[in-house]
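I have placed the structure first, in the form of structure tokens, so that the comments after it can refer back to it.
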Amino acid sequence: DGGITQSPKYLFRKEGQNVTLSCEQNLNHDAMYWYRQDPGQGLRLIYYSQIVNDFQKGDIAEGYSVSREKKESFPLTVTSAQKNPTAFYLCASGQGSREKLFFGSGTQLSVL
Amino acid sequence: GESVGLHLPTLSVQEGDNSIINCAYSNSASDYFIWYKQESGKGPQFIIDIRSNMDKRQGQRVTVLLNKTVKHLSLQIAATQPGDSAVYFCAERGMDSSYKLIFGSGTRLLVRP
């Protein structure tokens with residue numbers, strides 16, 4: 001069935017380690033987004049991509065990196081430069097930058 | 001600057017009653033608003049949206065009202081059910097070139113049996 005798939009559901013990071021969160025969509029959407037959610041708070045935009053091979057920083061991009069080599073995929077790497085990575089990470093996609101977003105089920109990242 | 005906020009962080013209602021969740025926004029130029037529902041440990045689920053050229057839109061058991069004069073958005077849920085218990089977010093579209101969605105901090109809806 002169509003939708004957005006995030007993996008893994010839970011991820012643990014060791015000190016100084018880079019980790020990559022996967023996001024795949026089969027909705028044929030052009031735009032994809034990564035949001036971070038801290039407990040009891042709203043969503044903050046990390047990175048977004050409106051088209052393949054192009055992406056822009058969101059409001060809290062420091063310590064993160066992304067790539068958009070395929071329309072279906074928008075992986076997020078949490079680098080060692082991100083000093084407070086523990087959060088719930090949500091990937092979303094949309095038909096265009098002016099339309100509603102559809103979200104994946106999220107990845108909970110914790111630090112060991 | 002742009003901001004989206006909510007008046008009530010937690011709303012408790014009796015099953016069967018109507019629920020009203022409120023949201024204030026500060027950017028009078030915003031032209032698109034969305035309500036999402038998020039259950040614990042899951043991603044947000046789209047409920048309903050409204051564009052700024054409308055003041056009311058209805059869905060199944062839900063109604064969104066937009067008052068541009070006072071920059072206020074509300075979500076009304078009719079005959080609230082236990083399955084409606086969740087955190088509800090409003091979001092507005094920013095008016096810079098990115099057309100980013102800006103999310104509020106959320107309201108938790110608790111439905112009492």
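Model, not experiment: these values are computed from the prediction. Letters A, B, ... mirror the listed sequences (proteins, then strands); counts begin at 1.
- Atom NZ of A:Lys14 has 12 or fewer heavy atoms from other residues, nucleotides or ligands within 6.0 Å.
- Between A:Gln37 and B:Phe103 there is no side-chain heavy-atom pair separated by less than 4.5 Å.
- Following chains of ILVMFWY side-chain contacts shorter than 4.5 Å, one can reach B:Val111 starting from B:Tyr88, so the two form part of one hydrophobic cluster.
- By the criterion of side-chain heavy atoms lying less than 4.5 angstrom apart, applied directly or through intervening Ile, Leu, Val, Met, Phe, Trp or Tyr residues, B:Leu11 is not grouped with B:Leu65; the two fall into different hydrophobic clusters.
- For the side chain to side chain contact (heavy atoms under 4.5 Å, CB included) test with B:Leu101, the passing option among A:Tyr33, A:Tyr35, A:Tyr48 is A:Tyr35; the others fail.
- If you chain together hydrophobic residues whose side chains sit under 4.5 Å apart, B:Val62 and B:Ile50 fall into the same group.
- In this structure, no portion of A:Gln56 lies under 4.5 Å from any heavy atom of chain B.
- Between A:Leu101 and B:Tyr36, some side-chain heavy-atom pair lies under the 4.5 Å cut-off.
- Using a 4.5 Å cut-off between side-chain heavy atoms of Ile, Leu, Val, Met, Phe, Trp and Tyr, with links allowed through other members, B:Tyr32 and B:Phe89 fall into the same hydrophobic cluster.
- In this structure, chain B has heavy atoms under 4.5 Å from both the backbone and the side chain of A:Leu43.
- Note that the NZ atom of B:Lys42 and the CZ atom of A:Phe103 stand 16.0 Å from one another [nearest 0.5 Å].
- Of all heavy-atom pairs spanning A:Lys100 and B:Asp49, the tightest one is CD-OD2, 4.3 Å.
- Nearest heavy atom pair, residue A:Leu90 against residue B:Gly43, reads CD2-CA, 3.6 Å.
- For A:Ile51, the CD1 atom sits in a loose shell: 12 or fewer heavy atoms of surrounding residues, nucleotides or ligands are nearer than 6.0 Å.
- When hydrophobic clusters are built by joining Ile, Leu, Val, Met, Phe, Trp and Tyr residues whose side-chain heavy atoms come closer than 4.5 Å, directly or via intermediates, A:Leu45 is not grouped with A:Tyr89.
- Considering every non-hydrogen atom in both A:Phe88 and B:Gln38, the closest pair reads CE2-NE2, 3.9 Å.
- Contact count against chain B (heavy-atom pairs under 4.5 Å) is highest for A:Ser105 among A:Ala92, A:Ser105, A:Gly106.
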